[in-house]
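Right, one structure below, let's go through it.
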Amino acid sequence: MKKDEILFIILIVAAIVTGILAYNEQKYGADTDGDGVSWWYRFTESIRRKAYSHNDSLQAIKEYYDSQVINVDALLSEIDTTATEHLADNLDRESRNEPHMEINTGKLEWVMRTIGCGNSKALTSLMQFPIPRKYPMHDIADAKELQERFTEIFDEKFRKKMSLVEMSAWTSHGYHGYCYGRRGDLWVTDKLYLIDYYSPKEQARYEQLVKDEMGSLHKSLRGKGWRPYCCFKTDKGDVIRVDYAQRKNLYADNIHMDEQSMSSPQPQPIKLRGDEIFRMAVFTKGSNLHEAPSNVMYGYVQITGSLSAREHQFRDSHGRLTTFGDPFYYDDDFAMFSSVIPNTHETRLSPCYWLDLIGKKQ
C-alpha cells in the first residue's frame, strides 16, 4: 500500500472518531463540573444503568411470581374439610382433570399410625368433630372427649391392627371417601369423620344403654324387638323418639330391601338391612315421658342416591304424612314436615338423648 493511501485511511478514521467524540460530547456532556468524570465514563455508566434497569425489572418480575407461588401454597395448606373448602378443592381438581373427593392417601397412613401408636392428641388433628356413634350412645363431641375415651373406643387389639395394616385394606367410595375394612370401621375424606368400630367394652355399653332406654318407656312401646333409633325435641318443646325393628318377613314383602341403594355403603352409625319397620312416638310438651305418647306413627326409611341419604316417612291413622331426612337437606339442620293435603307444616328439630331427658346419666 502506498504512503498516500495509508494517510488517506488515517484521515478517514480520524474524521469518524472526531464525529463520535462530538456526538457523545453533545449527548453525555463534557467534564464541565470539574468532577473528573469524562464523557466516556458517562457513556459506559449509561449502558450499565440500562443493563441494571433491565435486570431489576427481571428481578421484580421474579420476586412477584415467587410471592404468588408462596401465597398459593399457603392457601392450599389451610384447606380443611368444611363444605365450602371441599368445594374449593373440587374446583381445583376440576382444573387438573382429577376426580372429586380423591384425597392424599398419605392421610390414611397418618390415621392408621396415630391410632396404632396410641397418640390420641395427634389423631384429633386428623378428625372432623363431632364423630357420630350409634344412638343412644353420645357422639364424640370434640378433641377433649376423644382423648378421654380413646382407649375405650380403640382397644389394644384394634390399635395393634392399625400399626400393621396395609393400604390395600382401604377402599374408595367416591363422595364417601375411603373406608377401612369390609365392615367400614373407619371413614375418611380429608379427615376421619366416622368411627364404625366398636370395641367389646363399647358394644357392651351400647347394649346396656339400649336396655335402659327401652325399659324406661311405657309398656305399650316395649318388647317386640324394638330398639332406639334417634330422639328429637321440636321448636315447640315436644319430644319425638323413633325406634326400629326388623320385620322378619319374606323378601318380596320387604319395603325397599331390593333397591340398589341398599348395596351402597352406609357411612352412618346404624346400618339398615332394608327390612326394618320404624315407629315414631310423639310426646307433647310437658307430658310424662314414662307414660303413653300422644301419637304413634309407623313407617320406613328410604335410602336414596349415591350419598345414601335417608328420608324417614310415617303416616298416622288420620292419614297425616310426616317426613324428615338427613340434615344437609335443610341447611345442615333437621326439619320435619307434616302434611294433610293440601297443607304442609314445617317443624325444626334438635337432636337429643332420651336418657338425658329423663335424668338418667350415661
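To the nearest 0.5 Å, atom CZ of residue Arg159 and atom OG1 of residue Thr151 are 6.5 Å apart. Taking CG of Leu357 as the reference point, atom CG of Leu355 lies at 9.0 Å (rounded to 0.5 Å). Atom NZ of residue Lys233 and atom OG1 of residue Thr347 lie 14.5 Å apart, to the nearest 0.5 angstrom. Interatomic distance, CG of Asn288 versus NE2 of His218, reported as 10.0 Å (0.5 Å rounding). Atom CE of Met137 is separated from atom CD of Glu207 by 10.5 Å, given to the nearest 0.5 angstrom. Here the CZ-NZ distance, from Arg183 to Lys271, works out to 10.5 Å after rounding to the nearest 0.5 Å.
Between Glu148 and Lys144, at least one side-chain N (NZ, or NE/NH1/NH2) sits under 4.0 Å from a carboxylate O, which counts as a salt bridge.
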- Item | Stepwise side chain to side chain contact (heavy atoms under 4.5 Å, CB included) test for Met167 and Met112 | CA-CA 9 Å; Met167 290 296 298; Met112 290 188 295; 3.5 Å; yes
- Query: Can Leu186 and Leu194 be said to form a side chain to side chain contact (heavy atoms under 4.5 Å, CB included), step by step?
  - Reply: CA-CA 6 Å; Leu186 303 172; Leu194 178 64; over 6 Å; no
- Task: Could you check Glu276 against Gln246 for side chain to side chain contact (heavy atoms under 4.5 Å, CB included), going step by step and ending with a plain yes or no?
- Result: CA-CA 4 Å; Glu276 296 86 356; Gln246 261 76 42; 3.4 Å; yes
- Residue pair Lys107, Tyr178: steps toward the side chain to side chain contact (heavy atoms under 4.5 Å, CB included) verdict: CA-CA 11 Å; Lys107 291 186 178 180; Tyr178 285 80; over 6 Å; no
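For Trp354 against Ser216, the heavy-atom pair with the smallest separation is NE1-OG, 2.9 Å. Heavy atoms only, all atoms of each residue included: Met127 and Leu146 are closest at SD-CG, 3.7 Å. Arg113 approaches Val165 most closely through the heavy-atom pair NH2-O, 3.4 Å. Taking both residues in full, the closest heavy atoms of Phe154 and Leu123 are given as CE1-CD2, 3.8 Å, listed atom of the first, atom of the second, then distance. Here the shortest heavy-atom pairing between Ile277 and Tyr298 reads CD1-CD2, 4.4 Å. Heavy atoms only, all atoms of each residue included: Phe129 and Ala141 are closest at CB-O, 3.4 Å.
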Would you be so kind as to tabulate the donor-acceptor pairs closer than 3.5 Å made by side chains of residues 114-121, with sequence neighbours excluded?
| from | atom 1 | to | atom 2 | distance (Å) |
| --- | --- | --- | --- | --- |
| Thr114 | OG1 | Trp110 | O | 2.8 |
| Thr114 | OG1 | Val111 | O | 3.1 |
| Asn119 | OD1 | Ala122 | N | 3.0 |

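Ring geometry for Tyr180 against Phe158 counts as perpendicular: the plane angle is over 60°, on a 0 to 90° scale with 30° as the lower cut.
With sequence neighbours excluded, no residue forms a salt bridge (Lys or Arg N to Asp or Glu O under 4.0 Å) with Arg222. With sequence neighbours left out, the ring-ring contact (aromatic ring centres under 6.0 Å, His included) criterion links Tyr229 to Tyr244, Phe278, His312.
Annotation: side chain of Phe324 is in contact with side chain of Cys230 (closest heavy-atom distance under 4.5 Å). A 4.5 Å side-chain heavy-atom check between Val188 and Leu108 finds at least one atom pair inside the cut-off. Two residues are said to be in side-chain contact when any heavy atoms from C-beta on lie closer than 4.5 Å; Asp185 and Ile195 fail this criterion. You'll find the side chain of Ile153 reaches within 4.5 Å of the side chain of Ile140, heavy atoms only. Within the 4.5 Å cutoff, side-chain heavy atoms of Asp243 are placed close to those of Met214. Between Pro293 and Val282, every side-chain heavy-atom pair lies at or beyond the 4.5 Å cut-off.
Between the side chain of Tyr198 and the backbone N or O of Arg133 there is no donor-acceptor pair closer than 3.5 Å. In this structure, the side chain of Asp238 engages the main chain of Lys285 through a donor-acceptor pair within 3.5 Å. Side chain of Arg279 to backbone of Leu221: a donor-acceptor contact under 3.5 angstrom is found. A donor-acceptor contact shorter than 3.5 Å is absent between the side chain of Arg348 and the backbone of Lys236. Remark: side-chain polar atoms of Ser199 are paired, donor with acceptor, to backbone N or O of Glu152 under 3.5 angstrom.
One side chain, Asp155 or Tyr197, offers a donor N or O that lies under 3.5 Å from an acceptor on the other.
Under the side chain to side chain contact (heavy atoms under 4.5 Å, CB included) test applied with Lys134, the options Arg227, Gln268, Gln203, Glu202 reduce to a single match, Gln203.
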